[in-house]
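Just so it is clear, the values below take in all heavy atoms, side chains as well, and ignore hydrogens, waters and symmetry mates. Both ligands and their constituent atoms are indexed starting at 1 by order of listing.
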Amino acid sequence: MNKKLVTDKFVELFGETGDFYFSPGRVNLIGEHTDYNGGFVLPGAIDKGMLACIKINGTDKVRAFAVDLNEYAEFGMQEDDAPEQSWARYIFGVIREIMKRGGQVKGFDTAFSGDVPLGAGLSSSAALESTYAFALNDIFKLGIDKFDLAKIGQATEHNYIGVKCGIMDQFASVFGKEGHLIRLDCRSLEYEYVPFNPKGYKVVLVDSVVKHELASSAYNKRRESCEAVVKAIQKRHPEVELLRDADMAMLAEVKGEVTAEDYMRAEYVIEEIQRLLDACEALKKGDYKIVGEKMYGTHEGMSKLYEVSCEELDFLNDIAKKCGVIGSRVMGGGFGGCTINLVPEDKYDTFVDTAVKEFTHKFGKEPKVYPVKIGDGSRKL
Ligand code: GLA
């Protein structure tokens with residue numbers, strides 16, 4: 001991590017150095033677009049993320065520097081002080097959400113840098129939010145628990161960025177544990193660390209380098225579709241609060257009452273919640289073949305029913321199949337970003353070579369390849 005770079009810039013701008021905090025991005029093995037439907041997810045933090053140096057400055061202003069973008073921002077902390085730069089709005093949002101919950105935040109200086117690729121579906125924004133939620137909680141001794149730190153990041157997305165996301169990314173970033181995935185019930189926030197050490201397999205991400213922009217994408221529309229179907233189902237089954245509570249029979253009952261598109265979206269979600277539960281059972285038995293089949297099932301659903309894949313990601317999925325990868329799918333919100341692949345060790349080199357060669361040939365741009373290491377969550381360094 002580029003700690004020296006951040007230290008040098010911080011010292012140059014603000015004098016003496018401050019404290020360092022880090023929060024990671026995440027992968028998700030299976031369970032996509034289930035979080036805001038109250039379902040389950042199976043993410044893990046990765047060894048890449050955001051690193052910030054921070055120090056109280058004795059004023060009521062924030063002075064912030066984004067090292068990777070070489071941009072500076074200075075802003076107050078009241079609701080109408082929102083900065084223009086989008087990266088600074090994340091920091092501002094976190095401050096505001098802490099203040100709304102009664103936390104006393106004062107002015108500080110900060111510089112940050114990251115090694116989690118932006119717009120690749122690895123939750124660089126959650127990493128940024130968690131870094132500042134964790135850091136401010138620590139330096140101002142606010143006593144906020146980890147659940148609320150994750151919720152502060154999520155609320156920042158909702159209220160200051162405009163993405164009506166679920167809790168998965170921020171939760172994984174804050175709660176991550178080396179060598180483990182987190183089986184999270186997104187309704188109750190009960191969670192369990194699941195050891196993840198798939199012997200004989202490697203987990204690798206292939207980045208389509210199609211940038212996904214959740215705010216301007218159809219992410220929020222997908223969520224609205226799910227809510228519309230819940231409303232329809234509730235007329236017969238008032239106990240259904242979220243798609244988590246619905247089954248295919250209930251969905252079938254409202255077929256004539258919802259749009260064909262909303263129907264498809266809900267069908268995907270209901271199936272995906274079950275796929276995740278099946279994959280977790282298989283994981284317990286160390287049956288990676290079944291886990292892999294479920295991952296392919298998720299890709300199919302995200303591509304055909306939820307329609308959040310794209311030509312590049314479908315192409316990568318096909319190559320994975322052809323090369324004997326046992327599980328592959330688009331990961332995260334979709335609309336671009338990475339596929340996550342569970343690859344038998346002896347097929348790894350061929351898969352990576354073929355994917356890079358064929359993708360570059362077809363699309364005229366090279367995909368990026370990131371081997372996955374599951375790391376720890378938010379921390380002070
Ligand atoms: C994005 C959101 C998450 C989740 C995923 C899809 O990463 O931030 O809350 O909905 O998409 O599973």
Side-chain angles (χ1 to χ4, degrees), residues 23-46 49 90 93 116-130 133 150-176 181-187 189 191 205 207 210-227 242-244 265-266 268-273 275-276 279 294-295 297-299 301-303 305-310 313 329-340:
S23 288
R26 62 102 189 91
V27 289
N28 184 30
L29 193 65
I30 194 161
E32 221 64 88
H33 290 276
T34 47
D35 58 356
Y36 53 84
N37 287 299
F40 297 86
V41 289
L42 194 59
I46 53 176
Y90 286 95
V116 54
L118 306 181
L122 298 178
S123 299
S124 50
S125 31
L128 188 57
E129 290 147 10
S130 304
K151 287 183 195 161
I152 283 165
Q154 183 193 20
T156 298
E157 293 281 350
H158 286 202
N159 301 327
Y160 295 90
I161 308 298
V163 181
K164 303 288 178 196
C165 64
I167 192 72
M168 168 168 76
D169 304 349
Q170 293 78 11
F171 197 96
S173 183
V174 172
F175 283 82
L181 299 176
I182 311 170
R183 181 187 186 275
L184 172 66
D185 177 334
C186 298
R187 168 145 60 197
L189 294 191
Y191 67 103
L205 306 174
D207 185 350
V210 178
K211 293 255 177 241
H212 78 159
E213 198 18 279
L214 287 187
S216 61
S217 78
Y219 183 91
N220 293 346
K221 266 195 83 189
R222 294 296 181 279
R223 188 172 182 148
E224 283 163 19
S225 288
C226 297
E227 287 165 2
L242 294 158
L243 278 183
R244 154 87 178 268
R265 309 297 189 236
Y268 161 77
V269 171
I270 293 171
E271 286 175 358
E272 179 69 355
I273 292 173
R275 263 193 296 268
L276 178 137
K294 299 293 164 194
M295 290 169 74
T298 298
H299 187 87
M302 285 178 84
S303 178
L305 295 175
Y306 220 59
E307 296 183 300
V308 293
S309 185
C310 60
L313 291 165
R329 64 178 197 81
V330 43
M331 191 185 71
F335 311 105
C338 295
T339 60
I340 179 167

Which ligand 1 atoms are under 4.0 Å away from a heavy-atom of G332? 6 (C), 11 (O)
Please identify which atoms of ligand 1 are closer than 4.0 Å to at least one heavy atom of C165. 2 (C), 8 (O), 9 (O)
Is the shortest N/O to N/O distance between D169 and ligand 1 below 3.5 Å? yes
So is R26 in contact with ligand 1, going by heavy-atom distances below 4.0 Å? yes
Taking the six-membered ring for Trp and the single ring otherwise, decide whether the centroids of Y191 and F40 are under 6.0 Å apart. no
Under 4.0 Å, heavy-atom basis, I'd like to know which part of E272 is in contact with ligand 1: side chain, backbone, both or neither. neither
Got an N/O contact under 3.5 Å between G166 and ligand 1? yes
Could you walk me through whether Y219 and C165 pass side-chain contact (heavy atoms from CB on, under 4.5 Å), step by step? CA-CA 8 Å; Y219 183 91; C165 64; 3.8 Å; yes
Pair K221 + E224, salt bridge at N-O below 4.0 Å: no
So if I count the atoms of ligand 1 from 1 in the order they appear, which ones are less than 4.0 Å from some heavy atom of M168? 4 (C), 5 (C), 12 (O)
Step by step, work out the side-chain contact (heavy atoms from CB on, under 4.5 Å) result for R223 and E227. CA-CA 6 Å; R223 188 172 182 148; E227 287 165 2; 3.3 Å; yes
So R265 and E307, do their side chains get closer than 4.5 Å, heavy atoms only? yes
Is there a nitrogen or oxygen of Y219 sitting under 3.5 Å from a nitrogen or oxygen of ligand 1? yes
Could you check whether E32 pairs with R329 (Lys NZ or Arg NE/NH1/NH2 to Asp/Glu carboxylate O, under 4.0 Å)? yes
Relative to each other, are the rings of Y306 and H33 parallel, tilted or perpendicular (30° and 60° limits)? tilted
For ligand 1, which atoms sit closer than 4.0 Å to a heavy atom of D35? 3 (C), 4 (C), 9 (O), 10 (O)
Does ligand 1 come near enough to S123 that some N or O of the ligand is less than 3.5 Å from an N or O of the residue? no
Just checking, is any N or O donor in the side chain of S130 or S23 under 3.5 Å from an acceptor N or O on the other one? no
Just jot down the ligand 1 atoms closer than 4.0 angstrom to any heavy atom of Y36, in number order. 10 (O)
Ignoring angles and geometry beyond distance, decide whether T34 reaches within less than 3.5 Å of ligand 1 through its nitrogen or oxygen atoms. no
